[in-house]
Participant: 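Following this message is one structure expressed as C-alpha cells.
Throughout, a chain's letter reflects where its sequence line sits, starting with A, and its residues are numbered from 1.
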Protein chains: 2
Amino acid sequence: MKAYKIDEKIIRYTFGKPVNTDAVVVSGKEIDKKEIPYVNINCKENLLITYKMDDSDIVYGLGQNQRGINKRGGIYESFCSDDPNHTPNKKSLYGAHNFIIVEGREKFGMFIDYPGKVKFDIGFTHKENLEISLDDNNVHVYIIEGENSKAIVKSFLNIIGRGYVPPKWAFGYQQCRWSYEDNNEIEEVANKFIENNIPCDTIYLDIDYMERYKDFTVSDKAFPDFSNFVKKMKDKGFRLIPIIDAGVKIEEGYEVYEEGIKNNYFCTDENGKPFVAAVWPGKVHFPDFLNKDTRLWFGLKYKTLVDCGIEGFWNDMNEPAIFYTERGIKEAIDKAKESEGKNLDIDTFFGLMDTFRNVNNNDEDYKAMYHNMDGKRLNHYDVHNLYGYNMTRSAAEGFEHIDENKRFLMFSRSSYIGMHRYSGIWTGDNHSWWDHILLNLKMMPSLSMCGLLYSGADTGGFSEDANSQLLIRWNQFSMFTPLYRNHAAKGTRRQEPYAFEEETKDILKNMIEIRYSLIPYIYSEYMKAILNRDMYFMPLSFVYGDAMSKRVENQLLLGDSLMVAPVYEENSLGRYVYLPEDMLLWKARRYDERSYEVMKKGHAYIDVPLEEAPIFIRKNKMLVLGNPAKNVDSMDNSSVHVIAFVEHRATYTLYDDDGLTKEFKEGKYSEIEIVIEKKDEDFEVTIENFGNEEIKTIKFEIIDMSGNVIEKTVEV
Amino acid sequence: MKAYKIDEKIIRYTFGKPVNTDAVVVSGKEIDKKEIPYVNINCKENLLITYKMDDSDIVYGLGQNQRGINKRGGIYESFCSDDPNHTPNKKSLYGAHNFIIVEGREKFGMFIDYPGKVKFDIGFTHKENLEISLDDNNVHVYIIEGENSKAIVKSFLNIIGRGYVPPKWAFGYQQCRWSYEDNNEIEEVANKFIENNIPCDTIYLDIDYMERYKDFTVSDKAFPDFSNFVKKMKDKGFRLIPIIDAGVKIEEGYEVYEEGIKNNYFCTDENGKPFVAAVWPGKVHFPDFLNKDTRLWFGLKYKTLVDCGIEGFWNDMNEPAIFYTERGIKEAIDKAKESEGKNLDIDTFFGLMDTFRNVNNNDEDYKAMYHNMDGKRLNHYDVHNLYGYNMTRSAAEGFEHIDENKRFLMFSRSSYIGMHRYSGIWTGDNHSWWDHILLNLKMMPSLSMCGLLYSGADTGGFSEDANSQLLIRWNQFSMFTPLYRNHAAKGTRRQEPYAFEEETKDILKNMIEIRYSLIPYIYSEYMKAILNRDMYFMPLSFVYGDAMSKRVENQLLLGDSLMVAPVYEENSLGRYVYLPEDMLLWKARRYDERSYEVMKKGHAYIDVPLEEAPIFIRKNKMLVLGNPAKNVDSMDNSSVHVIAFVEHRATYTLYDDDGLTKEFKEGKYSEIEIVIEKKDEDFEVTIENFGNEEIKTIKFEIIDMSGNVIEKTVEV
C-alpha cells in the first residue's frame, strides 16, 4: 500500500497497480502513512473494507442507485447494467458511482476507484456492518475528511474536476419518444407545441432516425433533406437531438465500420479479432473507447451531424448493452435442441428458460472482450464501468475539436465517476410507475454528490403506459431537474403534454411555463454549483442539523433558496411535508399567479390539488423568476420577478452568462447581487450589478414572517 | 336482459345464459325492470358497462389487486395469474374479484359475475371514464344499493354467503419456508422456536415433502414415519400444514392419477383426452374441479393426510399455473431451431426471446383445455377464474365428509368471489420489497370487501432476500392480519424470526407475543365480522365521513376498536398519521409494557422506533388483551386485560367459542358485554357474561381524554 496526499482533506491509498480511470484529476504526493483512518482495509487477494456502523449512522452516496437517499439496508453492486426493470431488488443500474459518505459517530467520505465490479453491503447482511468488497487487489481508495457531509462532497467534487455545462437552452422543456419516425412526425409534434402554446426547446431523434441503426447516418427515407430540416425546425424554435449508440454496425461499405476495422479501433475477442455482439443494428463491433486514438476518431464522427446543424446528442447503450452474442445464442439454441421431444423435468425446464433469459448482458460475453488501453490489453470485465464514461468522453473530446468554444448538449446512459466533466446522464429506462417518481427524487441528490448535476428522469416513465395524473405529478417534480425531458417507449401510450384530456394539457402547459420562469434561478444555481463545486440537489440534512431532517427521504433542497416536495402517490390531493424552519409556500398553479402561505417550522399536511406544484422558499432567501416564452432563446428577461421570504435579511447572487460558449471559464459571466434588509416596517432593497446587460427591472414581492406582501420595483 | 330482485338492495341483471359460478347464494325473483340504474350497459356481442365519474368519486374494490385502496387511475384485468413479479404494471394477480363500489355523486356497488377475463378501466384511459368490458354476452351484473360503502359491502356479503372460519389456532403465528426438507429440519425449526421462547402454532410443508411432488403422498425418505412425526410435533406444540398443488402427476401406479383417468376426472384437450401440462411434478393432468364428482373425489383425498393427524392445508398453483405444455415448448424449440446459425435481425431475436418468455401460463394453452360442468363441455379460458375456487371448494366439501364438525385450516392462492365460504387466501408470491408491505396493507380492506377475511401476505417477502429491518416492519403489520405467516422462497436468505441478529430476534419475539395477546380481540372481531357480514379491515372512510379520511391509503381500521398505521419505509423511525378523531396510541414494545399517548384529532408525526408497533385505540372503544403462550392452545386467558380510551361511554362485545368446531353456527358461543361509563371523576364498569367460562378476571386500564390512567380489576 502507498499513501498519497491529494489535498488537506483527502488521502489516496493505493493497493497494487490500479488501472488509471481518470476519475480524479489531482494526483497528489506520496506520503509516509501506514495507518488508514476510520475503516479496516484488508487487501491481500481481494479488497475488503469493513466499518462498524452505529444505529444512527447514515450512509449517503452511490449515485444512480436503488433505495433511499440513506443507503443503509441495501446491497449494491457497481456494474453498469442495461436492466430496464428497476425493481427494488436490482443492485446495479446504468452507472457506477463508488462514492459514499458515512455520517454519524464518524464523518468521512470514501471513493473506491476501481473500474470493475464493486459490492457494497451497507447493513444488509448485518445491520451494523458496512462491507465493501471487490475481486482484485489493484485499487485506489480515497478517504475524504470534512466537518460534515456537505463539506465532504465539496472536497470530493474538487478533486474530480469541474462539471459539464450544457447550453442554457438545455434547461428548457424537452420532448422525446422512441421514436418520432420521420420529419413529418417531428414537425407534427413541433406544431402541436406551437398550436397549444406549450414551450419546448428540443425534440429528440431516437434510434429510428438512423439508416438501419448505423451511427452517424440519417435515414434518407425518413429525412430526405436532413440539414434543411434541422434548420427549419430550429427556425420554428426546436433543436433536434439525435441518439448515438455504442455499437457500430458490421456492414461493408459503411465508413465508420471500415475505418474502425482498418485502424484497429474496435474491442477484440480472445483471438484478437474484433469482438462481435448484437444490439439494435444486428451484429456490431464496439469501439474501444479506452483507447485514446479510438476516442478521438469516434468523437470527430459527431461532426457529420454537427455539420447538419445538430447541437446536442445523447449517448445510449453504452454499458455496453449486449442483446446477444454468437456464443450466448448458440448455447441457448443448443440447450433448446437438447430438450426437443424430451419429457423435461422441472429443473431442466427452468435451466432452459434461464439460458434464454441470460442471453442479454451476460458476464461471459463481457469476459470475452478486450481493450487496448495505452498499449495494454485489458479484459473488458475488469474495466467494464469505464466504457460508457469513455464513449461520452470521446464525444466531448470530439466537440472540443469541432468547436472548442461551443457548448453541446450531451448526456449519457452509462457513467462512472469523472464522466460528469463531459456530460450529464439521464436515469435510464424507467417505468410509468408511481414508485419511480420517488425513486427519481431520491436519486437526484446522490447524483449531485458525484458531480452529475445535469440529470433527470424520463418524465412520465419510459416503459408501460402513463395515465394523465401520473404524468402531471411527475412533471411537478421534473420541472425542477436540470434535464427536464418527457420520454416514452415504442408501443406505449402517447405521452406528450397534449396527448391527454384538455384539462391535463392546460395543467402541463402551466407547469412547463413555471419551469421556464424558474430558469434564471435554476441556471444560476446550476452554474454556481459547477463553479463552486457544490451540489444542485441536496438532502435536507446537508443544510439542517436537526434529527428530523436526517429522516426526510421525499423532499429536497434545490440550490440556495428552494425546497421541493412533490406529490408522488396516485389520487393524493396533498402530502405531509417537514419544514426544518419557517418557509414560504408558493402554491404554484401558473407562473404569474401567486398564492402564498407562510408555513411554520415543523410538520404539516398540505393540500396539493392536481393543478398545483408546491414550491417552498426558505427563510431569508429569494427566488428569481423570469418570463416564459416558446423556448429559452426567446425569453425576454429584461424585467424579472423576485419572491423573497424575509425575516431580517436575505441575499442572493444571480449568475448569468451567454449560455452558449465556454467563456464563463475565463470569468465572462455576470452577477447581480441582491440584498433585502428589514428596516422598521419596510424592507430595503440593494442591487449591485456586475455585468448583467439583460435585466433592467426587478419586481419584488417581499413576504414577511406574517405573510404580508410588500411590493417594490427596482431598476437595475 | 332479465332482472331479478335478490333483496331490498340488490338487483341482478342477467344477459344471455351465464355459467353458474355459485358466487352468489341467493337466486332472487324475476321482476319486470327495463332500466338499469347508475350505469350504462351495452350487451350485444360483448358486455360494456360505462359510468362517468366525478373528480371526487372514489372507486373501491377488486379484492386482490395492485394500486390503491382507491382503484382510480388503473386498468385491471380479472384473470387469475401466477405471476410472482408484482410490479405496479401487473393487471392481474392470483384472484378474480369483480366487485366494485363507486362512492361520490352516486353510491352503488356492482358485481360482475363472469368467470372469464373482465377488464376494468377505472379512469386510466380517460380520467373520468369507468369502463368494464368482457368478450361475451352471457353475464350477470348485480347492482347493489346502500347509503354508504360499508352498507353496500354488508349487502354484498349477505348474498355471497357466510365466510370461512378457521380453527382458532390458525390465528397464531405461522412459519413457512420453501421448503423445510425433512423431519429433522422441521424439528430443528420447532426447537429453535422453543429455545427462543417465540410462540408459533404451525410449521408448513412446502412442495418438497411430497414424493416427487405427487399430491397426497409423503416422501418416505424425508419423513420415514410421517404419522408419528405429525403427532410428535403436535405434542411439541406445532401443527404441520402441507401444501396441495392443482396438478396431478402422470405416473402409472400413482393412485390419484389412475383413479382420475379411470373416472374421467381430469380436464380434457380438444380431442377429449386428458389435458397435459407441466408444473412441479413434470407432466400432470388437472382435476376438473368444475365437475362435482371430481370435487368430491379429490376432496376426499385430503383424508390420506388427515388420517396422519394433519388439520390444515394450503392449496397452491391453482390458477392453474402452467409452466409449459408440449405445444408451447415445441413452438419455442422450433423457433430456436429456425434461428440456428442465422444472422438474427433484432425483431427475430426479440421474437425468439418472447416465445420462451411466454411459454408459462399461455392463453393458447388455457384455450386448449376443457371442463365438464354439469354435463356441459366448457372451454377453460371462458371459466378460468373458477378453477382455484373450485379446487378449494373441493377440499372444503371433502372436509365436510371427513369430519363435518371440525374446522380445518385452509387457504388458497387462486380465488373467485364465493370462495370465501370455503377458505382464506394468502396474497401469493410477493417479494422482500418495502413497497410490498404497503401493497399488502392496501389489499387487505379490498379483500375484506369480498369476504376473504382470513388472509395475509408472505411476511418478510417470498422472493428475494429480506434484511432484518424489513422483516421487523412487515411483522409490525402482519401481526394484525388474520393469517400471520412468515414465508420465503428456495434460494433466499433464511427468514425465521431467529435468523438475524439477537436484537432482531428479541424484537420479533415481542411482536409475536403482542400478536398472541391480541388474539382475544382479533378472534372476536373476526367472528363477529363473519356472523354479521362485516369487514375485518376497513378503509378509514368506511367509518369516518371527513374528506381527509377518504384520502388515507396507509392506515386501516381493524374491527371495532383499532386503527393500524405501520411503518413501511426503510430507515424510517417514524411516520405521519391522520387521526379522524382523538385516539389513544399504545406504543407497543412488549405485550405487557404499556406506554400511552393521547393523540388529538388531526395530523401528527409519530416516532416509531424499530422495536415499537403503534396501535391506535379509537375513542370510546376498548381492546381486550390475553396472555401470550407458546401457542394458541396453551393460552391461559382466565385473566385478561382491557385497554379502554373513554370520553363518556364505551361498550364492547367479546365473542369467543370453542375454536375448533362448527357449533358456533348453532349459536354455541359465548359473549361478554363490557360497558364502561364515565361517572363524575371515575368510570363505572359493567360486565355481563353470556356463557364465557374461561375469563374469570378482567384488569382494566381506562384512559381518559387527558391521558389519566384509571386501573380497575373486575371479576366476571
Participant: Between B:F356 and A:F356, how do the two ring planes meet: parallel, tilted or perpendicular, split at 30° and 60°?
Facilitator: parallel
Participant: Answer with side chain, backbone, both or neither: which region of B:N571 has an atom nearer than 4.5 Å to a non-hydrogen atom of chain A?
Facilitator: side chain
Participant: Is B:E553 in contact with chain A via its backbone, its side chain, both, or neither, using a 4.5 Å heavy-atom distance?
Facilitator: neither
Participant: Based on non-hydrogen pairs under 4.5 Å, which of B:Y324, B:Y213, B:Y578 is most in contact with chain A?
Facilitator: B:Y324
Participant: Nearest 0.5 Å please: distance from the CH2 atom of A:W433 over to the CG atom of B:D435.
Facilitator: 9.5 Å
Participant: Can you tell me how far CD of A:E326 sits from CG of B:L344, rounded to the nearest 0.5 angstrom?
Facilitator: 8.0 Å
Participant: So that I can tick it off, tell me whether B:E570 and A:R67 are bridged by a salt bridge, with the cut-off set at under 4.0 angstrom between side-chain N and carboxylate O.
Facilitator: yes
Participant: Heavy-atom distance under 4.5 Å to chain B: side chain of A:A466, backbone, both or neither?
Facilitator: backbone
Participant: Please say whether more than 12 non-hydrogen atoms of neighbouring residues, nucleotides or ligands are located less than 6.0 Å from NZ in B:K52.
Facilitator: yes
Participant: So which of A:K337, A:H431, A:E128, A:Q469 has the biggest tally of heavy-atom pairs under 4.5 Å with chain B?
Facilitator: A:K337
Participant: With a 4.5 angstrom heavy-atom cut-off, could you sort out which part of A:T125 is near chain B: side chain, backbone, both or neither?
Facilitator: both
Participant: Tell me, side chain or backbone of B:V279 under 4.5 Å from chain A's heavy atoms, or both, or neither?
Facilitator: backbone
Participant: Please name all residues satisfying side-chain contact (heavy atoms from CB on, under 4.5 Å) with A:R357, sequence neighbours left out, ordered by chain then number.
Facilitator: A:M353, A:D354
Participant: Just how far is it from atom CD1 of B:I346 to atom NZ of A:K283, taken to the nearest 0.5 Å?
Facilitator: 9.5 Å
Participant: What part of B:R72 lies closer than 4.5 angstrom to a heavy atom of chain A: side chain, backbone, both or neither?
Facilitator: both
Participant: Looking at every non-hydrogen atom in both residues, tell me the closest pair between A:I329 and B:L352 and how far apart they are.
Facilitator: CD1-CD2, 4.1 Å
Participant: Rounded to the nearest 0.5 Å, what separation is found between the CG atom of B:N467 and the CG atom of A:D121?
Facilitator: 9.5 Å
Participant: Relative to chain B, which segment of A:F323 carries a heavy atom at a distance below 4.5 Å: side chain, backbone, both, or neither?
Facilitator: both
Participant: For a quick test of reading the model, state the closest non-hydrogen atom pair linking B:Y576 to A:M548 and the distance between them.
Facilitator: OH-CE, 4.5 Å
Participant: For B:K490, look at atom NZ and say whether over 12 heavy atoms of other residues, nucleotides or ligands are found less than 6.0 Å away.
Facilitator: yes
Participant: Checking side chain to side chain contact (heavy atoms under 4.5 Å, CB included) for the pair A:K127/B:E503: CA distance, chi angles, key distance, verdict?
Facilitator: CA-CA 10 Å; A:K127 71 196 192 70; B:E503 191 188 327; 3.2 Å; yes
Participant: May I ask you to name which of A:E464, A:K335, A:R493 has the most heavy-atom pairs under 4.5 Å with chain B?
Facilitator: A:R493
Participant: Shorter than 4.5 Å, heavy atoms on both sides: which option in A:G282, A:S572, A:G73, A:S463 has the most such pairs with chain B?
Facilitator: A:G73
Participant: Under a 4.5 Å heavy-atom cut-off, does chain A meet the side chain of B:V276, its backbone, both or neither?
Facilitator: neither
Participant: Given the options A:L470, A:T504, A:D345, A:D465, which has more heavy-atom pairs under 4.5 Å with chain B than any of the others?
Facilitator: A:D465
Participant: Below 30° counts as parallel, above 60° as perpendicular, anything between as tilted: where do the rings of B:F350 and A:W280 land?
Facilitator: tilted
Participant: Mind listing the closest non-hydrogen atom pair of A:T87 and B:T87 along with its distance?
Facilitator: CG2-CG2, 3.5 Å
Participant: Would you mind checking which part of B:D347 comes under 4.5 Å of any heavy atom in chain A, side chain (CB onward), backbone (N, CA, C, O), both or neither?
Facilitator: neither
Participant: Looking at B:K505, I want to see if its NZ is surrounded by more than 12 non-hydrogen atoms of other residues, nucleotides or ligands under 6.0 Å.
Facilitator: yes
Participant: With a 4.5 Å heavy-atom cut-off (strictly below), which parts of residues 601-610 of chain B touch chain A? List them by number.
Facilitator: B:H603, B:Y605, B:D607
